[in-house]
Amino acid sequence: MEKMDRRDAAVSAGKRTGRRTRRRRRMSGPGRVLFSISAGLFVMALVLAALAPPPAQAGSEEGRGLPDSAGVTAPPLSRGEEPVLPSEEEDWRLVLVNAWNPLPEDETVTLKELSNGLRVDERCYPDLQAMMDACRADGESPVICSAYRSREKQAELFQNKVDRLLAQGYTREGAEAEAGKSVAVPGTSEHQLGLAVDIVDLYNQNLDHTQEDTAVQKWLMEHSWEYGFVLRYPNGKSELTGIIYEPWHYRYVGREAAAEMRTLGVCLEEYLEALDK
């Protein structure tokens, strides 16, 4: 029974919408008092401003504008803290794609080509390049072996996996179910977003569990969050993600979300579940 409860919880966490919506937080009693005081002061300021003479032209600060807060990053959350809902412009970083949340048929992405011919969403390119440069500067040899994939390419990879399983004696239904654990069904792959990359060590380019022991993966698992990337399918989270442990698949979620996910020790499904509460 306990196993069934965990499975139900996993499905519930997985079935989250990929497009986040804002939710208003309830104010505590002290919060309401502070809000009322602030509102009163604001009204008083408006009255005083209306009665004051217009400022002289000399020394006017009209052209300076307000400080730009777009680059301000909140500190990582401590365990137990409630995550802050991302702003609307950050939503593209947190689109959830998994077996329960397929991409829309008309999903489009503007791509940036890498030096090896692979492509990624141009918005994550600067952080990806910074991460790769930093990894190499520390003496490692990372290789991006897969990035953006079209729906057609994903369908080809999935069918190839199914065919290999059929050759091993699986039924069609069994082969498709087993294939979906390691190769996402077309329309449900993060690679179609352009925000996911498979990174391996130059000296071990096998996509298997041995990757976690390479110097490149040890570096990435320690530092990828600093550049907005997370290990998307971590060990022990397969019931939530629907995908086996992949110590090579990194997903861009933005620097703030990546820092919070690392602090909380959660995968993307769990992080978005917390934002919904």
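Atom set for the values below is all heavy atoms of this structure, side chains included, hydrogens, waters and symmetry mates excluded.
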Novice: Hey, could you give me the CG/CD1 distance between D198 and I144, rounded to the nearest 0.5 Å?
Specialist: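 These two atoms lie 9.5 Å from each other.
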Novice: For the pair D201 and Q205, evaluate side chain to side chain donor-acceptor pair (under 3.5 Å) and give the outcome as yes or no after the intermediate values.
Specialist: CA-CA 6 Å; D201 193 300; Q205 299 189 34; over 6 Å; no
Novice: Is it true that a side-chain atom of H191 and a backbone atom of A147 form a donor plus acceptor pair closer than 3.5 Å?
Specialist: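 Indeed, once roles are kept as given, a pair shorter than 3.5 Å links the two residues.
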Novice: Got a sec: does the NE2 of H223 have more than 12 other heavy atoms crowding it under 6.0 Å?
Specialist: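 Enclosed: over 12 neighbouring heavy atoms sit under 6.0 Å from NE2 of H223.
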Novice: When you measure from the side chain of S189 to the backbone of A184, do you find a donor-acceptor pair of N or O atoms at a distance under 3.5 Å?
Specialist: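 Answer holds: no.
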Novice: Any side-chain donor-acceptor pair under 3.5 Å between Q159 and D163?
Specialist: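 Yes, a side-chain donor-acceptor pair sits under 3.5 Å.
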Novice: A side-chain contact here means heavy atoms from C-beta on lying under 4.5 Å apart; do W219 and D138 qualify?
Specialist: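 Yes - at least one pair of side-chain heavy atoms lies under 4.5 Å apart.
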Novice: Under a 3.5 Å cutoff, is there a donor and acceptor pairing between the side chains of Q192 and R149?
Specialist: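 Absent: no donor and acceptor within the cut-off.
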Novice: I'd like to check V120 versus V197 (side-chain heavy atoms, cut-off strictly below 4.5 Å). Are they in contact?
Specialist: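 Yes, at least one pair of side-chain atoms sits under 4.5 Å.
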Novice: Salt bridge check, R255 against D127: does any charged N sit closer than 4.0 Å to a carboxylate O?
Specialist: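 Result for this pair is yes, salt bridge flagged.
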Novice: Take a 6.0 Å sphere around CD of E173 and say whether it holds more than 12 heavy atoms from other residues, nucleotides or ligands.
Specialist: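 Incorrect, the count does not exceed 12.
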Novice: Does a side chain donor of either Q217 or Q211 reach within less than 3.5 Å of an acceptor in the other side chain?
Specialist: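 Yes, a side-chain donor-acceptor pair sits under 3.5 Å.
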Novice: Pick one: which of R232, K237, R251 meets salt bridge (charged side-chain N to carboxylate O under 4.0 Å, His left out) with E269?
Specialist: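 Output: one option passes, namely R232.
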Novice: Find out whether V109 and E122 are in side-chain contact, i.e. whether some heavy atom of one side chain is under 4.5 Å from a heavy atom of the other.
Specialist: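 A side-chain contact is absent here, since even the closest heavy-atom pair is not under 4.5 Å.
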Novice: Does E222 come within less than 4.0 Å of R262, counting only side-chain N to carboxylate O?
Specialist: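 Here E222 pairs with R262 in a salt bridge, since their nearest N and O are under 4.0 Å apart.
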Novice: Indicate whether the side chain of N204 and that of N206 have a donor and an acceptor atom separated by less than 3.5 Å.
Specialist: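 There is such a pair between these side chains.
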Novice: Which distance, rounded to the nearest 0.5 Å, do you find between the CD of Q129 and the OG of S115?
Specialist: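 Between atom CD of Q129 and atom OG of S115 there are 7.0 Å.
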Novice: Do Y203 and V200 sit in the same hydrophobic cluster, where Ile, Leu, Val, Met, Phe, Trp and Tyr count as joined when their side-chain heavy atoms come under 4.5 Å apart?
Specialist: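 Yes: a chain of side-chain contacts under 4.5 Å links Y203 to V200.
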Novice: Short question: side chain of T188, backbone of P102 - any donor-acceptor pair under 3.5 Å?
Specialist: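 Side chain of T188 to backbone of P102, a donor-acceptor pair under 3.5 Å: no, none is there.
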Novice: In Å, rounded to the nearest 0.5 Å, how long is the span from NZ of K218 to CG of L220?
Specialist: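 Here the interatomic distance stands at 12.5 Å.
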Novice: If you measure only the distance, is there a donor-acceptor pair under 3.5 Å linking the side chains of Y271 and E260?
Specialist: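 On atom types as modelled, these side chains qualify, holding a pair under 3.5 Å.
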Novice: Is a donor on one side and an acceptor on the other found under 3.5 Å between the side chain of E270 and the backbone of C267?
Specialist: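 Between the backbone of C267 and the side chain of E270 there is a qualifying donor-acceptor contact (under 3.5 Å).
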Novice: Say whether E212 and Y245, considering side chains only, have a donor N or O and an acceptor N or O under 3.5 Å apart.
Specialist: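 The criterion, which ignores hydrogens and geometry beyond distance, is satisfied for Y245 and E212.
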Novice: Hey, quick one: are Y233 and L96 part of the same hydrophobic cluster, counting side-chain heavy atoms closer than 4.5 Å, chains of contacts allowed?
Specialist: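 No, separate clusters.
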Novice: Do the side chains of L231 and M221 get nearer than 4.5 Å, heavy atoms only?
Specialist: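 The answer is yes, as the side chains (C-beta and beyond) meet within the 4.5 Å cut-off.
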